[in-house]
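Down below is the structure, laid out as structure tokens.
In each ligand, atom 1 is the first atom listed, and ligand 1 is the first ligand listed. For reference, positions follow the sequence shown, starting with 1. All of these numbers come straight from a predicted model, not from anything done at the bench. Both backbone and side-chain heavy atoms feed into the values below; hydrogens, waters and symmetry mates do not.
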Amino acid sequence: MPIRIVHTADNHLDLPFKQYPAEVASRLIEERFLALGRLVAVANERNAHFFVVAGDLFDSTRVKVGDIDKAAAVLRGFDGVAVIVVPGNHDHYANSETEVWRRFRRATEADARIDLLVDPAVKSYDVEGQAVHFFPCACPSKTGAEPTIGWVAEAAAQHATGLKIGIAHGNVTGLGLDAEGQYFNMEPAALEAAGIATWLLGHIHVPFPTSESGERSPYFMAGTHTPDSLRCRHAGSAWSIECDGDRVTRYERLAPGEIAFRRLTQELLSADDVAGIVRTCEALDAGSTVIDLQLSGRLSAAERAHLTAEIDRLRAGFLNLTEESNIHDRIDAAQIEREYRSGGLAQRLLTALLADADHPDAATLAHRLIEEVSRA
Ligand SMILES: [Mn+2]
């Protein structure tokens, strides 16, 4: 019988989202609990034996008590053999006084299936006669450099049989993004040398492997389970992993997130471009999208007014819309006709420059110079 594991990490429950208005922040905070609940539901549908959280379940070591209870309630919904929680760097385990874990223990003591693993010691389970050994490597601090996985190879060698799975949290050389900091760095060679079936990792918020499904991988990076910032390009991720005997035989990526962050960077040079960016926005699922528009280019006064009106209209539909625009004025035929005497030098010069497609800024620049000179 295959052993099935659902692997998540970097849930960052209680991430404050301070940069957003209060009602947007509370929706984003709530989504992280809801998405974890969706993932537990998928794990149950798939009859997973283990639900593994490879660090950073919480965003910090000081979390509102109510939210610790809420997290515990979500995890309690798992129907399998055990939920295994290992502290990451954001929710590191310094000692038995570390607040978040003291309270988490209290919140979960009634459910023996929730295992908080903080010590570097093998934890073995018997699943219908099959031995499954987990090697948890909790983070002792937020920004440590010392590897946490060093003990695993020797401990794994002491178990001749059974499925052996490592759990750790930190950067992996070659995979890291600067965004998360290269803490508790692990070398791929060291991960492979541990002599276990695979590693379930957290820390880098992007999933690894890069394929949606496959047959084996020396390690898995969960990726945050629901998007957490404009940097996040995936739909939230987690892994469903199947093992047979002492190895991984199949994996599949899950996508429990329901909120997206999108940054659209666009140069606008015409009414068509304005219509295009509006269409792009309208094609998004606005109610569950946090959008950030980074607009540049040159527009006529009329095009610009239209853009502003359209953005105001769109703003109402989006979960959140921010805009950072750096758009210059562009003179057009209507404005030339309005402001300059027909047949005069300025009108003829500007009309000719406007027709020069190779130099789209020329007419606008000339117009600005003429204005300056005539004001002087
Ligand atoms: Mn982390």
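For CD of Glu337, the number of neighbouring non-hydrogen atoms (other residues, nucleotides, ligands) closer than 6.0 Å is 12 at most.
Distance check for His169 against the Mn ion (ligand 1): an N/O/S atom falls below 2.8 Å. The distance from the Mn ion (ligand 1) to the nearest N/O/S atom of Asp10 is not under 2.8 Å. The Mn ion (ligand 1) lies under 2.8 Å from an N, O or S atom belonging to His203.
Partners of Leu345 by side chain to side chain contact (heavy atoms under 4.5 Å, CB included), not counting sequence neighbours: none found.
The pair Arg46-Glu242 does not meet the salt-bridge criterion, since no charged nitrogen lies less than 4.0 angstrom from a carboxylate oxygen. Between Glu371 and Arg368, no side-chain nitrogen of the basic residue sits less than 4.0 Å from a carboxylate oxygen of the acidic one, so the salt-bridge criterion is not met.
One finds an angle of 90° at the Mn ion (ligand 1) between OD2 on Asp56 and OD1 on Asn89, to the nearest 10 degrees.
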